Amino acid sequence: MDTEEFRIRGKEMVDYICDYMDGLSSRRVTPNVEPGYLRYLLPPQAPQDPEDWDTIMADVDTKIMPGVTHWQHPRFHAYFPSGNSYPSILGDMLSDAIGCIGFSWAASPVCAELETIVLDWFGKAIGLPDEFIASSPGSKGGGVIQSSASECILVSMLAARAQAIKNLKKDYPDMEDSAFLPRLVAYCSQEAHSCVEKAAMICLVKLRILEPDERCSLRGATLREAMEDDVAKGLVPFFVSTTLGSTSCCSFDNLTEIGPVCHRFPAVWLHVDGAYAGNAFICPENKPLMAGIQYADSFNTNPNKWLLVNFDCSTYWVRDRIRLTSALIVDPLYLQHANSDEAIDYRHWGVPLSRRFRALKLWFVIRKYGIEGLQSYIRNHCQLAKSFEVLVKKDSRFEVVNEVKMGLVCFRLRGTDRLNQDLLASINGSGKLHMIPSLVKGRYIIRFCVVAEHANEADIDHAWEVIQEHTNDLLESYTIEKVAPIPAKPATPEITPKPPMQRIISRRLSFTRSVSRDLYRRSLSRSSLHDGATPIIVPEDEDNIIPENDNMDEDVFHSLTIREEKEVV
């Protein structure tokens with residue numbers, strides 16, 4: 001493709017993108033395809049000869065688009081927002097055209113300098129302490145763009161591990177670093193994202209998963225007790241990952257209690273994950289939710305979730321950049337340059353060496369919308385979530401199970417988890433809305449998140465109409481019979497599907513997965529992280545499973561711990 005054809009095709013692509021974005025509401029939210037559909041539509045080998053561009057784009061329409069889940073759709077209410085906007089798309093286009101690999105200042109000076117500046121802008125807007133702002137007088141900290149919150153948590157844990165081993169080697173200077181790993185313990189709440197577990201697996205350290213309070217918030221006393229117990233066993237607490245705005249229900253850990261606990265133990269790194277809700281701290285009314293941030297060693301939020309920046313762009317700040325880079329620095333001669341003492345080389349701030357010019361799209365978005373425009377966008381989502389909460393609470397068949405502080409509402413039908421599983425499967429199967437479940441307080445719930453940039457009250461009303469329509473249809477297909485009285489327990493209604501949705505389809509659309517009855521029973525004694533993206537475990541013979549004790553509800557679903565040996569508190 002030469003320059004002239006690129007001019008033509010580029011303009012056509014802009015038109016295609018605009019038509020796609022403007023026409024989203026006329027499409028199904030989710031594709032109506034089965035796994036492996038694309039394998040039958042594409043040839044088994046790559047083309048030997050060049051193909052015509054019009055032919056390629058025709059295949060986009062007939063083969064690619066039918067398999068797309070439309071995250072920007074006004075009826076998409078799953079997960080969290082997938083940030084996107086025209087300024088961000090244009091910023092990425094320009095970044096791709098420049099094509100620099102900004103691993104150091106010398107590799108592309110503006111790539112490094114703009115990243116530092118725009119992270120300072122954003123950090124100030126959020127209200128981070130001055131120690132996190134690179135331009136603050138005497139600051140040793142600063143910000144960097146990572147690929148995802150998962151990477152932010154991983155590099156934090158790597159830095160914390162290096163710091164802990166360095167301290168332990170003061171008493172055991174001849175011991176190999178790896179010998180200390182079995183003693184190191186990281187901590188998080190059950191509400192933490194599953195990437196904390198993955199980071200612990202990579203770092204080869206123990207992970208202690210702690211029980212949150214009734215508001216799904218990790219409290220200082222719970223953390224202190226766990227850390228003291230581990231110290232008594234000869235273990236070494238070294239890392240605590242907290243969450244402001246959890247994935248399952250947007251709960252907030254209590255940093256004002258957790259921070260002082262961390263300071264009681266030597267060399268404990270406190271990370272704060274605000275991947276979704278952290279963006280909302282640019283609104284003054286939301287800043288109280290980050291109380292205790294002054295205790296943090298690092299903080300991340302994802303503009304590619306809730307700040308109209310397309311993936312990937314996860315912003316990450318540290319209080320002391322030397323503590324971070326000392327764990328990650330590898331400096332071969334061919335990467336060194338004359339200005340290394342005067343500039344930041346971001347290759348030392350994360351896992352990859354190669355880095356795209358991602359600061360450009362964040363800069364474009366902040367400048368085009370302004371802080372006020374971004375505040376209005378976030379406030380609109382928060383208000384719409386409140387509107388949806390009101391609608392749910394007006395219907396006595398439903399209940400809201402989280403504190404609605406941001407753009408997420410967790411709700412469920414009053415009844416068994418099976419009933420809610422079937423409701424979600426029915427809604428998702430229609431293609432009219434898309435939502436996902438999670439576990440909150442041990443119950444299967446449905447998450448409704450406001451995600452579209454231009455979402456409005458009409459979208460909320462439409463979503464509620466769809467939910468009520470499927471609820472009415474579902475309940476009409478159910479027959480209610482009285483269960484024979486059981487000693488010491490009142491009679492309860494038994495809800496039996498008639499006829500049920502085919503279970504294999506229902507599980508896929510309600511994000512559940514079947515395991516053996518024995519494995520299911522063994523999973524009931526464990527807690528595990530649940531991030532709304534991990535399938536919820538159900539027994540293969542779920543219709544006939546008998547509870548092991550009187551306190552266990554027949555239809556409660558539980559997540560399954562991936563690592564059998566992981567210790568859980």
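Note that the coordinates shown come from a computational prediction; the quantities given were computed from them, not determined experimentally. Computed from heavy atoms alone, side chains included, the values below leave out hydrogens, waters and symmetry copies.
Residues S251 and E403 bring no donor and acceptor atom of their side chains to less than 3.5 Å of each other. A donor-acceptor contact closer than 3.5 angstrom is absent between the side chains of S148 and S314. Between the side chains of S156 and Y316, at least one donor N or O lies within less than 3.5 Å of an accepting N or O. Looking only at atom types and distance, the side chain of N302 has no donor-acceptor partner in the side chain of N279 under 3.5 Å away.
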Residues F398, W464; criterion ring-ring contact (aromatic ring centres under 6.0 Å, His included); working and verdict: CA-CA 12 Å; F398 290 89; W464 183 238; 5.2 Å; yes
Worked verdict on T301 versus T315 for side-chain hydrogen bond (donor to acceptor under 3.5 Å, both in side chains): CA-CA 6 Å; T301 188; T315 47; 5.3 Å; no
Criterion ring-ring contact (aromatic ring centres under 6.0 Å, His included) on W71 and F80, from CA distance to verdict: CA-CA 10 Å; W71 282 59; F80 281 133; over 10 Å; no
Residues Q468, D395; criterion side-chain hydrogen bond (donor to acceptor under 3.5 Å, both in side chains); working and verdict: CA-CA 9 Å; Q468 287 195 308; D395 191 330; 3.2 Å; yes
From CA spacing to verdict: salt bridge (Lys or Arg N to Asp or Glu O under 4.0 Å), D417, R443: CA-CA 7 Å; D417 286 340; R443 296 186 296 172; over 6 Å; no
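For residues 17-31, the side-chain hydrogen bond (donor to acceptor under 3.5 Å, both in side chains) pairs, not counting sequence neighbours, are Y20-H70.
At a threshold of 4.0 Å, the pair E191-R215 does not count as salt-bridged, since none of the basic side-chain nitrogens sits closer than that to a carboxylate oxygen. Ion pairing between a basic and an acidic side chain is recognised when a charged N comes within 4.0 Å of a carboxylate O; E214 and K441 show no such pairing.
You'll find the side chain of D273 stays beyond 4.5 Å of the side chain of F299, heavy atoms only. L423 places a side-chain heavy atom less than 4.5 Å from the side chain of I446. Residues Y16 and V60 form a side-chain contact, since some pair of their non-hydrogen atoms from C-beta on lies under 4.5 Å apart. Under the 4.5 Å side-chain criterion, counting only non-hydrogen atoms from C-beta, V400 is in contact with K393. Considering only heavy atoms from C-beta on, F252 stays 4.5 Å or farther from S246 through its side chain. With contacts defined as side-chain heavy-atom distances shorter than 4.5 Å, the pair E257/R219 qualifies. By the 4.5 Å heavy-atom criterion applied to side chains, Q421 and T416 are not counted as neighbours. Put simply, the side chain of W306 reaches to within 4.5 Å of the side chain of M406, judged on heavy atoms.
Between the E211 side chain and the S189 main chain, no donor and acceptor come within less than 3.5 Å of each other. Not a single donor-acceptor pair under 3.5 Å links the side chain of T222 to the backbone N or O of L218. No donor-acceptor pair under 3.5 Å is formed between the side chain of N304 and the backbone N or O of G83. In terms of modelled atom types and a separation under 3.5 Å, the side chain of H77 and the main chain of C449 share a donor-acceptor contact. Looking at K361, its side chain never comes within 3.5 Å of a backbone N or O of P87 through a donor-acceptor pair.
In this structure, M157 and A186 approach most closely via the heavy-atom pair CE-CB, 4.2 Å. Residues V440 and S248 come closest through the heavy atom pair CG2-O, 4.1 Å. Here the closest heavy-atom approach between residue I436 and residue A78 is recorded as CG2-CB, 3.7 Å.
Residues passing the side chain to side chain donor-acceptor pair (under 3.5 Å) test with E225, sequence neighbours excluded: none. T256 pairs by the side chain to side chain donor-acceptor pair (under 3.5 Å) definition with N254, not counting sequence neighbours.
The environment of M93 atom CE is sparse: at most 12 non-hydrogen atoms of other residues, nucleotides or ligands sit within 6.0 angstrom. Residue-environment remark: NZ (K198) stays at or below the threshold of 12 foreign heavy atoms within 6.0 Å. Applying the 6.0 Å contact sphere to CZ of R367 captures no more than 12 heavy atoms from other residues, nucleotides or ligands.
Atoms CG and NE2, on N472 and H470 in that order, are 10.5 Å from each other to the nearest 0.5 Å. The distance from atom OG1 of T242 to atom CD1 of I293, rounded to the nearest 0.5 Å, is 7.5 Å. In this structure, the separation between CG on N300 and CH2 on W317 is 8.5 Å, given to the nearest 0.5 Å. Taken to the nearest 0.5 Å, the CZ atom of F411 stands 12.5 Å off from the CD atom of E389. Separation of atoms NZ (K386) and CG (L391) is listed at 13.0 Å; rounding is to 0.5 Å. Once rounded to the nearest 0.5 Å, the distance linking OG1 of T471 with CZ of R397 reads 5.5 Å.
The only option from V404, V392, N402 that meets the side chain to side chain contact (heavy atoms under 4.5 Å, CB included) definition with C410 turns out to be N402.
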